[in-house]
Amino acid sequence: MHKKFDSKTIERKWQEAWSASGIYNTKERDNNQEKEYVLVEWPYPSGNLHIGHWHAFSVPDIYVRFNRMLGKQVIFPMGFDAFGLPAENAAIKRNINPREWTESNIEHMKGQLVSMGNAFSWDLTTSSTDPEYYKWTQWMFTQFFEQGIAYRGKGLVNWCPGCNTVIANEQVLSDDTCERCGNEVEKKEMPQWMLRITDYADRLIDDLKGLDWPEHIKEAQRRWIGRSQGAEIDFELSTGDKVTVFTTRPDTLYGATYVVLAPEHPLLQTDEVRGKTSNLREVDEYIENATKKTERDRLDDTREKTGVKLEGITAKNPASGENIPVYIADYVLASYGTGAIMAVPAHDERDSEFAKKFSIPVKQVIKPTFSSTDAAKSLDKLPYCGDGVIAHSGEFDGMDSQEAKRKIVEKVGGRMTSTYRLRDWSVGRQRYWGVPIPIVYDPDGKAHPVPKEHLPWILPEDVDFKPTGEAPLAKSEELKKRTEEIFGVGWTPEVETLDTFVDSSWYFLRYIDNKNNDELSCKEAQESWMPIDIYFGGAEHTTMHLLYSRFWQKALYDLGLVTVDEPYKKRINRGLILGPDGNKMSKSKGNVIDPDEQVERVGADTVKMYLAFMGPYGEMTNYPWDMGGIAGIRRFLERVNGLYEHVVESETQEVTEELHRLIKKIHTDIPEYKFNTAISSMMSFVNIVEKEGLSQSSYETFLKLLAPFAPHLAEELWSTLNKGDSIHVEKFPTYDESLVVLKKMTIGVQINGKHRGEVTVTPSTTEEEVMKMVYSVEVLRDKIGSKKPKKVIYKPGKILNIIVD
RNA sequence: GCGUGAGUGGCGGAAUUGGUAGACGCGCUUGGCUUAGGACCAAGUGGGGUUAACCCGUGGAGGUUCGAGUCCUCUCUCACGCACCA
């Protein structure tokens, strides 16, 4: 009977040893070695690690350890995204300071992270709440302010009544609820600190091309940014005013039979327009109703189109010269394009629907070009929204619609332009536990950045941070006093804090130079480590963190502060771990798996390998936790623990070859994040050698293969061999291709494409020899019959297919 | 509606990229064993079938091919993202 696999004892023992020797700390960058920057999303210190953190951190650790053993310099930093609402809410509940709550959580979670046994680069850690960290968050904000990238904007903002703060567009879900708390978001008119992410819209789309990201993430970002290429065209109103519309189809301009303004359009508030409008009351009523409606109601697509005509006012179609009616309707959005459209009912679904309801003339100006097959049946079916040939459009008749776009815009003096769905990023928060916006106002109310020598602009402590809707920092006497002392009497501080997505937009730059007092991250460090080679994370960040941080990096790049303009070369999104019942884990469902309990029961190596074994990492599938499944992994490790009992004097050639095939398999699987198949190959190998026996050197090789997957057990077994150093600084085994190639294989024999038997061959067996073997098998011979086969297909090592009549 | 991805045993998933479908693990069945455990060992486990032959089988229907889970066409279902964006 072999030694017991006491995971608890050996895991604690080796975690202490690794920490004491600092083997995972970062070495000076050596340019002779390939570098690899592996990033996982830094956790929010909520108090306890959950199983999702294990999935997020311990599975990538396999990748990290493997690449280190290959001889690459790999950094794998970990830190804390520690500002944010939960701390504030917890602190309110317990009547303590969010700082205390956060710090004690970090302390506890660091311990839990150590219990994973991951090869984290702990010397590169940081936390967003560390003043030495947020000093730089603030400094960058002041730089952006001076460049006009950060600005004080006005307008409609998303107000979350649950969080008592403004939130950004990206943080509002498609059902109009808050990403954080689920409350329905309201629209509010309020001045807001904004970041000009829209200036980067084109680059954020175009640079996706060069990124090795899953297509669905890139596509989601493209659609979120929502670039439409088209033109702005001016329409003159009978009042003499000018309305600029945006259209992607200027080729249909001759078919524009009316103009629509959004209810919020500023022209509707001008004296000229109001004076000439004969049904002003009706119009005002409509505007009032529309602005009262929630966004959700307005966008409900089952709703019928509504609108009202501006009686007494017409617009002149700049192409045809016709006078056409002007409507206001809420199917036109004030926030998109110019807030006004030219309506072409013949070639647009929505305009068609509206025109039908209000009996507006429809004028077809595009004739579809048909292939012979789909015939004339839909020739006159309108609206037709595709491209085609221009008609009823004066000199443009007969022209292809693509060509006509440019020409028509030119004729009417319009401008080719793009418009975007993306809005500027609203970053001011009326909450306490965040980075104070480093802005002060002079007695005239003008904003000034806090100069570098006063950074970090410390978050005051004398604050009652219970949410009232007013920014808590407004209540800080200390902050007021500080501002007046430094800047003069009458100066006042900004009292909002920054969105925590700002903190996480640059943490990867700080990791690599986390002790620098003079710069956010020096160029040498960046040249050594950036860009991030692989970023593992969750699906929820696609149009938030992943978009914001790309923007932030580009803005820094333009200021000459960073060396690359895209932070993440490759991105892998993992799936979700569900409860044993197949539902999302939640306290109310009582299906939460506590990782600490699992580690206590079966050990960290087992939990890690189980998570890696569930399926390919990077498929966004959700996996239910399976108690039996994790027991299977534990069983496997028990057998590995006793594997030395199967060491024999000399192993068979087959075992040697199997080992080399296993080595090759792991070399190909890990770089593709297919940890599941790498593990199953190790299991198959153990199944074989438990029967056949393996040599001492193969045993040692196997332990090295195991090391990235089960670091504690591998280290423990290695230590019994008295080799001196840690197994984790060993070189990863390499394979001999000549041993990998199968010397003998069983191939299928098909007759007329149907499987009829097998023969065992070598790669060099000739067709003649194979046929001889087939004929020597009675059943096969009978099946083929006496006639000569019509045709024989033989792919050496793969298949034999005999075609007979 | 638009976009992206995916459909393989009771379950998680494999499949040398066009060549014996179901590796590995879970679960289950039978037998053994006893440190009675979320244990271990052995054999079996896609469905049908007279248990032999054979037939059927990768959401469905066609097609290409000596050969299709894999390629093509149509179609259905599910997940995620966007959604009156002009």
Side-chain angles (χ1 to χ4, degrees), chain A residues 1 173-174 214-224 226-228 230 245-249 252 260 262 298-303 305 329-333 335-344 347-351 353-354 419-422 539-540 542-543 573 575 582 601-602 610 613-616 619-636 638-639 661 665 668 674 676-687 742 745-759 779 789-795 797-803:
Chain A
M1 199 60 202
L173 304 180
S174 19
E215 190 51 39
H216 71 270
I217 305 183
K218 294 205 224 180
E219 195 54 29
Q221 289 209 350
R222 278 187 210 109
R223 292 190 139 235
W224 183 265
R227 173 166 62 192
S228 313
V245 305
F246 175 77
T247 178
T248 55
R249 295 298 302 273
T252 64
V260 189
R298 275 185 69 171
L299 298 188
D300 185 353
D301 61 357
T302 59
R303 223 184 98 241
K305 299 256 176 312
D330 64 5
Y331 81 91
V332 172
L333 308 175
S335 57
Y336 185 78
T338 59
I341 62 160
M342 61 179 223
V344 186
H347 305 294
D348 181 278
E349 298 276 358
R350 295 147 300 175
D351 299 344
E353 203 186 308
F354 189 86
T419 187
Y420 305 87
R421 209 190 77 97
L422 184 71
E540 68 276 20
T542 301
T543 52
N573 274 13
R601 203 168 61 83
V602 293
Y610 171 59
F613 187 59
M614 285 195 298
E619 298 281 308
M620 295 215 326
T621 331
N622 300 335
Y623 303 102
W625 185 270
D626 174 13
M627 281 301 178
I630 193 167
I633 296 288
R634 169 72 193 198
R635 235 169 348 244
F636 170 67
E638 300 265 8
R639 289 161 68 190
R661 270 173 222 130
K665 180 78 176 138
T668 54
K674 284 153 72 175
N676 56 333
T677 47
I679 293 169
S680 73
S681 303
M682 285 195 273
M683 289 170 165
S684 297
F685 180 76
V686 169
N687 288 344
L742 285 167
M745 62 274 279
T746 305
I747 64 167
V749 177
Q750 301 181 341
I751 296 170
N752 287 340
K754 289 214 183 263
H755 183 69
R756 285 294 179 258
E758 293 95 33
V759 284
V779 227
K790 220 160 68 180
K791 192 177 174 189
V792 173
I793 294 123
Y794 176 54
K795 301 276 169 185
K798 290 189 170 167
I799 201 81
L800 176 71
N801 192 1
I802 303 163
I803 309 304

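Throughout, protein chains are lettered first and strands after them, A, B, ... in sequence-line order, and every chain is numbered starting at 1. As a basis for the values below, the full set of heavy atoms in this structure was taken, side chains included, without hydrogen atoms, waters or symmetry mates.
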C1' gap between C74(B) and U64(B), integer Å: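 So the two C1' atoms sit 15 Å from each other.
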
P atoms of C26(B) and G44(B), separation to the nearest Å: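 About 16 Å, rounded to a whole number of Å.
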
Dot-bracket line, read 5' to 3' along RNA chain B, where crossing pairs take [ ] and | marks a partner on another strand, Watson-Crick or G-U under 3.5 Å: (((((((..(((......[....)))((((((.......))))))(((.....)))..(((((..]....))))))))))))....

Aromatic plane relationship, Phe354(A) with Tyr331(A) - under 30° parallel, 30 to 60° tilted, over 60° perpendicular: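 Taking Phe354(A) first and then Tyr331(A), their aromatic rings sit tilted (interplane angle of 30° to 60°).
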
At less than 3.5 Å, do the side-chain atoms of [X] and the base atoms of [N] form a donor-acceptor pair?
X: Arg601(A); N: G38(B); result: yes
X: Arg421(A); N: C82(B); result: no
X: Lys790(A); N: C66(B); result: no

Between CD1 on residue Ile751(A) and CG on residue Asn801(A), distance to nearest 0.5 Å: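 The CG atom of Asn801(A) is 9.0 Å from CD1 of Ile751(A), to the nearest 0.5 Å.
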
Send over the distance from [X] [atom1] to [N] [atom2], rounded to a whole Å.
X: His216(A); N: C82(B); atom1: NE2; atom2: C1'; value: 14 Å
X: Leu333(A); N: A83(B); atom1: CG; atom2: C1'; value: 11 Å
X: Arg223(A); N: G1(B); atom1: CZ; atom2: P; value: 14 Å
X: Trp224(A); N: C82(B); atom1: CH2; atom2: P; value: 6 Å
X: Glu619(A); N: U4(B); atom1: CD; atom2: P; value: 17 Å
X: Lys218(A); N: C80(B); atom1: NZ; atom2: P; value: 24 Å
X: Glu215(A); N: C80(B); atom1: CD; atom2: P; value: 20 Å

Nearest to side-chain heavy atoms of Ala220(A), which nucleotide of G3(B), A86(B), G81(B):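 The answer is G81(B).
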
Nearest-neighbour nucleotide for the Pro616(A) side chain, G3(B), G13(B), C66(B) considered: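 Selected nucleotide: G13(B).
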
Residue mapping more 5' on RNA chain B - nearest nucleotide basis, Met620(A) or Gly615(A):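 This one resolves to Gly615(A).
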
Arg222(A) side-chain N/O to U4(B) phosphate OP1/OP2 under 4.0 Å: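 Arg222(A) to U4(B) OP1/OP2: no side-chain N or O under 4.0 Å.
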
Phosphate OP1/OP2 of A86(B): any Tyr331(A) side-chain N/O under 4.0 Å: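 Result: no.
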
Glu540(A) atom CD, neighbour heavy-atom count above 12 within 6.0 Å: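 Yes.
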
Tyr610(A) (side chain) donor-acceptor with Met627(A) (main chain) under 3.5 angstrom: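 Checked: no pair found.
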
Sidechain-backbone polar pair: Arg634(A) side chain, Val602(A) backbone, donor-acceptor under 3.5 Å: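 Checked: pair present.
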
Sugar-phosphate only, base, or nothing, as touched by Arg227(A) at under 4.0 Å among non-hydrogen atoms: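 Nothing: the residue Arg227(A), judged by heavy atoms under 4.0 Å, touches no strand.
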
Sugar-phosphate, base or nothing in reach of Tyr623(A), heavy atoms under 4.0 Å: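 Counting heavy atoms under 4.0 Å across all strands, the contact made by Tyr623(A) is with sugar-phosphate only.
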
Test: Arg222(A) and Glu219(A) ion pair at under 4.0 Å: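 Yes, this pair counts.
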
Per-nucleotide protein contact string for nucleotides 19-31 of chain B, where B marks a base within reach and S marks sugar-phosphate only (heavy atoms under 4.0 Å, - for neither): BB--BBSSS----

Torsion-based syn/anti label for G9(B), 90° from 0 as limit: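 Base orientation: syn.
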
